[in-house]
Amino acid sequence: MPISLYNTITRTKEPLTPIEPGHVKLYVCGITAYDYCHIGHARSALVFDMMVRYLRYRGLKVTFVRNFTDIDDKIIKRAAEQETTCTELSERFIRKFHEDMAALNIIQPDLEPKATEHVDEIIRMISLLIERGLAYQEGSDVYYRVNLFEGYGKLSGRQLDEMQAGARITINEAKENPMDFALWKGSKPGEPTWESPWGPGRPGWHIECSAMSRRYLGDTFDIHGGGKDLIFPHHENEIAQSEGATGCCFARHWIHHGFVTIKDEKMSKSLGNFLTIREVLALYPAEALRLLVFSTHYRNPLDYSDASMKDAVTGLERLYNCMDSLSKLPNGTDISESLIDQATQDRLLSLEDRFLEAMDNDLNTAQGLGLIYDTVKDLNRIRQTLGEKSSDIDITILKECGQTLTRLSGIMGLLNENPTTYLHDQKAEKLEDLEITPEEIQQLIEDRKIARSEKNWGQADEIRDLLLARSIELKDGPEGTSWHIKKD
RNA sequence: GGCGACGUAGCCAAGUGGCUAAGGCAGAGGUCUGCAAAACCUUUAUUCAGCGGUUCGACUCCGCUCGUCGCCUCCA
């Protein structure tokens, strides 16, 4: 069974067949570095992180390139506002980006090229486009002559004449056609500048991706990805530039993920309804954000809210609780018969196959997670029926299934921590917020133990209520009293 | 205005024409307990926005209507 992925350009799911067998070349549009990243950027990073992990899990070699756009109108504007240089600004936010990625446990791309370090390639590509008549110089600017590129609009499904009808009137009268876009912009005083055949200037937006993907992945490569909002104009223009310059097919597979929304509205800088990655990670564990992201298919919109994050935290805890219980399982005592019925055994043993099938189908992580929760339920149920007389066979099945589950979750970057450590750390963190120490709790439990042994229920309940008022709940079990933190 | 996506239980969310419409959260019942809470188990949609059509058969394909969102301008 091949891995099939939805291809924006054909609007169908297609099998992934790398040009070089067994080796996938992937280019993802990264950030424009001028501000902190929001959770929309996190989704993008997480989706491609999962994709790369999955392809590698399936035995494919992946060359993963994700660029930085570090010269751009927005950077120039922001640097001026902050009275700093573009270099300082972009480097600062690239650093912040790397911190965010590390906090999210995102795997490093193989290459992270920056636009400013590839101006030579950019200039060469623009020259080639001018030679081919697809670009023209106008003053100190160079524009792409959109109506001469036959396939213009093929990715976004638009016709040039239709777009012109709705296009905003361009201030720049120099363009032959309002849809023409800048490949090179002459620089104004104080702006970053590179020498070029058209005078001092800087690259336009779009061209850097064409130049850098060509440099590292060749004229044609397998997958090009990014957010849905990049389909037009960014990716459409990249196709025009690259295919115009090389005459070859640019990217075979176009992958676009959906937006993160808040109250069903797209998260964006202009609406001001965005949350940064670091704001979210200050409140919730990174894996909870991963769980939220992967519980929706990557092409659908993902609505972010505190409630959905809390659900994710609960769900993650359920997974870790299960794994923790498995890790504490005793060894099998005798070789009595298995207590696991055949149907359940079959289900457990086929987990990986079913998971891979879901993932092969356009990376259906939501379905994959469903299978994981199914398995957790099976494992918990079996664990409870085992009792004292657990057989080696059953213990082995449980432990092996737990390992499979951890391995598959790892494709989504989940269950990456030791379960006991995770649960302990989460507890410790919450206790800190509650300003109570385990020692204090333990002391009160001891006091209550005495009261209980004297059957002084009134005092025992008083202590329990006292702790409850501080969000600590007690549980009396056969092996003594345990405590946990109350959910809000 | 042009193009596109989506509408599945109280909420979130899978479902590539045919098996009981996954899974999670919340709710209800239970195991445990002096009572209780956590964890765990069980349970929760005769029905997939509405109306037509294609088909032996439709949540799934087609058309229309209603609703939500997105792109067409910087955007992940």
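The chains referred to below are lettered A, B, ... by the order of the sequence lines, with proteins before strands, and numbering in each begins at 1.
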Taking atom types as they are modelled, is there a donor-acceptor pair under 3.5 Å from the base of B:C41 to the side chain of A:R383?
no
Span that lies between the [atom1] atom of [M] and that of [N], in whole angstrom:
N     : M     : atom1 : value
B:A37 : B:G30 : C1'   : 15 Å
B:C25 : B:U65 : C1'   : 34 Å
B:U47 : B:A22 : P     : 15 Å
B:U54 : B:G63 : C1'   : 11 Å
B:G17 : B:C6  : P     : 16 Å
B:C3  : B:U20 : C1'   : 41 Å
B:G10 : B:A36 : C1'   : 27 Å

Counting the benzene-type ring for Trp, do A:F68 and A:H98 have ring centres under 6.0 Å apart?
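Under 6.0 Å, so yes.
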Using the ring centroid of each side chain, check whether A:F93 and A:Y36 are separated by less than 6.0 Å.
yes
Within residues 94-108 of chain A: residues closer than 4.0 Å to RNA chain B (heavy atoms)
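None - not one residue of the stretch has a heavy atom sitting under 4.0 Å from the strand.
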Taking the cut-offs as 6.0 angstrom to the six-membered ring centre and 45 degrees off its axis, would you call A:K228 and A:F259 a cation-pi pair?
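Here A:K228 fails the 6.0 Å and 45° test against A:F259.
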Partner residues of A:C209 under the side chain to side chain contact (heavy atoms under 4.5 Å, CB included) criterion, sequence neighbours left out:
A:Y27, A:C29, A:N67, A:H234, A:E238
Residues that A:K77 engages under side chain to side chain contact (heavy atoms under 4.5 Å, CB included), provided they are two or more places apart:
A:E81
Can you tell me if the side-chain N/O atoms of A:R318 get under 4.0 Å from OP1 or OP2 in B:C41?
yes
Any stacking of A:Y373 on B:G24, going by centres under 5.5 angstrom and planes within less than 30 degrees?
no
Side-chain (A:R448) to main-chain (A:A460) donor-acceptor, under 3.5 angstrom:
yes
